[in-house]
Amino acid sequence: MQKYLLDLNQEQRKAVMHKDGPLMVIAGAGSGKTRVLTHRIIYLLNEGINPFNILALTFTNKAAKEMRSRIENIVGDTVSKNLWMGTFHSVFSKILRFESEKINYPKNFTIYDTEDSKNLIKSIIKEFNLDKDIYKTGLIRNRISSLKNNFISYNKYIENNELNLQDQIAKRTEFARIYLAYQNRCHKASAMDFDDLLIKTYELLELFPDLLKKYQEKFKYILIDEYQDTNHIQYLIVKKLASKFMNICIVGDDAQSIYSFRGANIKNILNFKNDYPNYTSYKLEQNYRSSATIVEAANSIIKNNEQQIHKTVWTENQKGEKIIVVKTTSDNEEGKLVANTISDIKMRKQAHNQDFAILYRTNAQSRALEESLRKRNIPYKIYGGLSFYQRKEIKDLLAYFRLAINPNDEEALKRIINYPRRGIGLSTLQNLSLIANSNNTSIWETIINLDENSQINKGTKKKLNDFSILINEFILKSKNKDAYYASEEIAKQSGLFNELYNDKSPEGVSRFENIQELLNGIKNFVEHSEEESNKLEDFMQDVALLTDQDTENDKDFNKVTLMTVHAAKGLEFPYVFVVGLEENMFPNIMSSESQDSLEEERRLFYVAVTRAAKRLFLSFASTRFKWGQFIDSEKSRFIDEIDERYLEKHEHYPSFELKTSKKFVYNKKQPIVNKLQLNIKNRKLKKVTNISNNDFSDTAKIQNGMNVKHSSFGIGKVITISGEGANRKATVFFKGIGQKNMLLKFAKLEIIK
DNA sequence: ACCTCAAACATTTTT
DNA sequence: TGTTTGAGGT
């Protein structure tokens, strides 16, 4: 037997060595599902299947990358580099780059990210003069996205009475018009949003049978990871592609289906049998990841769900220690508890930072945790905030690149037409937009054909003309020169480089550094690509599809991980903290209405718990700071669903001493807060926070002419002082930075003698 | 056209 | 609490 097959158990091996025909692998958490997928690909390659004929669809780019490198280690990179591997979005965008002209899109189409989509919708709502409180951009975008993911086009939408009625009830009577306009504007801008990447692929395969045949024959073997989280349109595409050879292998776990808000349909996995009647299926039930306690506890959680494929996850691993459940008084206490416990374990068990993960339901919860980790000097990395490519300065520069590649890209144009300042303001832009809409062209087309328009005055025309000359130069450079040369030129000539260089505030400096980092990244890209594919266009291909997990660098190696439970799917850590286990938080208030969404929250909790290998810590806070207010909260029902045997409950975790006094201990007898009580609580807690800050006595000492030190601006001289007590302000001159006005209460200035 | 400041506003999860 | 929007001034 081949060496790589030896470390598989019997079921895993059967799945790996299944050669032809539909295959369904139901894999419990931690049962080695990625390993099966990887090994199966290696097996196919060893059987003589051409790597060109294998398509592997993963849930994240990172997963694809990791799988590819594992395969590469065994079969070598000449073979592995020819495998088609990636997310649905990235693989299909690649196909569209070849074929898009057939469906009337240029090959250099732009991919609009969520921010672009929202901005476009915002413009449309404004142009239609609609009430922005009824037509909320985020909501509209979500609705359009969900329609698209269910393959309901504008035409199908207007025929659908039920959907129309929903919008009537919500008073969004103009929704259809917005939907149509959105589609048209995307098309005019030669742009596709995330959902279009799927829809257009489907259309392509539907409209052109010869193309369908081509890709069916190309992808003779299709493997899909995390199948429980595919949505309807993805399902349709796969069904089409696989219908010829039926060599489709899906791997998934219905108990870990957590993306229904994105259109994921748990029925896809349940219906696999109907679509492929001659299927084979294997169940992987042995968990290799977690302690027996964690595995059993997870089982006791998921059994509360009604919808599921029956399976029993078991393990031979040691029992391990009990799961710690801790109640804390506030979110800050919770943060301290987590940070202290991490330090403690690091010392006693010789664990490293990268062994720890802190998981939460919503991104907003990260702040209290970050603060306490910082105070304890524990390095951490945080996912799900802004990814590198979504930072303002990066998006600004990328917008120039996008225009150089596709000048019709309206969102990119709007972003930078007046940044840096060139005196082309809002009213000019509105005018242009109006003309463009009435001529059914893009804004760019309108600008380069200005002479025919008399609505715009001469001065503005000159400015617009200069702008178009600039962009035309960028278009030429991006076509003829390598990406690094072109991008550097664009950064300089656009004025962006200077603009950021001249901003010497700490934020400005870091923005400038980010731009340099981006340019370095492009340099690196050029050095590692062939001459025919080292253009800006090649670099930009799927930048919009990258997430912060994909842009991880070496600096992030030994750090504690902070992320949402959603983002943690597929990962594992020795020590896991699941925080904020409170009613309305987890399960989230938005999901507590229907049985289905509650079951999904429970699956999410199941995912969180099963990330842990050695030890699991669950915590909840009895007050939480939200919207600038303290809100009382109660323990999550999910904690009570875990079998008591596996839990060890604490008011405070004993391994460290809490600094706060008993008076803040949550009072069980008064779960309902009245306003007065809340105010008292506020005051008390505020006091506690102030103690940890610099006290006022120090700020009162600061006088005119003194030299002071600021944490980020460095050393400066006090020029003026105004105000009293908490309102005491100072104007300070910092060398190389300039004057800053600051409230002494917050500024934490240190007096330098 | 652009800047500044105060008031209103918002909060699930993401390729 | 942090961010976005709108009014009003330059």
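Below, read A as the first sequence line, B as the second, and so on, with proteins coming before strands; counting in each chain starts at 1. The figures here come from the full heavy-atom set of this structure, side chains too, leaving out hydrogens, waters and symmetry mates.
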Have a look at A/Asn418 and say if it touches a base, only the backbone sugar-phosphate, or nothing, with a 4.0 Å heavy-atom cut-off.
-> sugar-phosphate

Which part of the nucleic acid, if any, lies within reach of A/Thr60 when heavy atoms closer than 4.0 Å are counted: base, sugar-phosphate only, or nothing?
-> nothing

Please work out if A/Lys62 contacts a base, only the sugar-phosphate, or nothing of the nucleic acid, heavy-atom cut-off 4.0 Å.
-> nothing

A/Tyr259 has its side chain closest, among C/dT1, B/dT14, B/dT12, to B/dT14

Touch check for A/Ser90, heavy atoms < 4.0 angstrom, all strands: base, sugar-phosphate only, or nothing?
-> nothing

Look at atom NZ of A/Lys381 and say whether more than 12 heavy atoms of other residues, nucleotides or ligands are closer to it than 6.0 Å.
-> yes

Please state how far atom CE in A/Met585 lies from atom P in B/dT13, giving the value in whole angstrom units.
-> 9 Å

Under 4.0 angstrom between A/Lys626 side-chain N/O and B/dA10 OP1 or OP2 = no

How close or far is atom C1' of B/dT14 from atom CD of A/Gln234, stated in whole angstroms?
-> 12 Å

In whole angstroms, the gap separating P of B/dT15 from CG of A/Asn149 amounts to 14 Å

Can you give each donor-acceptor pair under 3.5 Å made by side-chain atoms of residues 561-568 of chain A, sequence neighbours left out, with the distance rounded to 0.1 Å?
from, atom 1, to, atom 2, distance (Å)
A/Thr564, OG1, A/Ala567, N, 3.1
A/His566, NE2, A/Ile258, O, 3.0

Respond yes when some side-chain nitrogen or oxygen of A/Asn363 is under 4.0 Å from OP1 or OP2 of B/dT14, and no when none is.
-> yes

So with a 6.0 Å cut-off around NZ of A/Lys267, is the heavy-atom count from everything else above 12?
-> no

So does A/Thr564 get a side-chain nitrogen or oxygen closer than 4.0 Å to the phosphate oxygens (OP1/OP2) of B/dT14?
-> yes

Given B/dT15, B/dA1, B/dA10, the nucleotide with the shortest approach to the side chain of A/Lys136 | B/dA10

Taking atom C1' of C/dT1 as reference, at what distance in whole Å does atom CD1 of A/Ile631 sit?
-> 12 Å

Would you call A/Arg637 and A/Glu583 a salt bridge, taking side-chain N to carboxylate O under 4.0 Å as the test?
-> yes

State whether A/Arg422 places a side-chain N or O below 4.0 Å from either non-bridging phosphate oxygen (OP1 or OP2) of B/dC2.
-> no

Picking from B/dT13, B/dT12, C/dT5, the nucleotide nearest the side-chain atoms of A/His566 would be B/dT13

Have a look at A/Lys569 and say if it touches a base, only the backbone sugar-phosphate, or nothing, with a 4.0 Å heavy-atom cut-off.
-> nothing

Distance in angstrom units between A/Tyr383 OH and B/dT13 P, rounded = 18 Å

Look at A/Arg367 and C/dG2 and indicate whether a side-chain polar atom (N or O) is within less than 4.0 Å of OP1 or OP2.
-> yes

Between A/Arg624 (CZ) and C/dT1 (P), how many Å, whole number?
-> 17 Å

A/Lys65 atom NZ is separated from B/dT15 atom C1', nearest whole Å, by 16 Å

Between B/dT13 and C/dT4, how far apart are the P atoms? Round to whole Å, please.
-> 16 Å

A/Phe98, CZ: over 12 other non-hydrogen atoms inside 6.0 angstrom | no

Less than 4.5 Å apart, any side-chain heavy atom of A/Leu55 and any of A/Leu223?
-> no

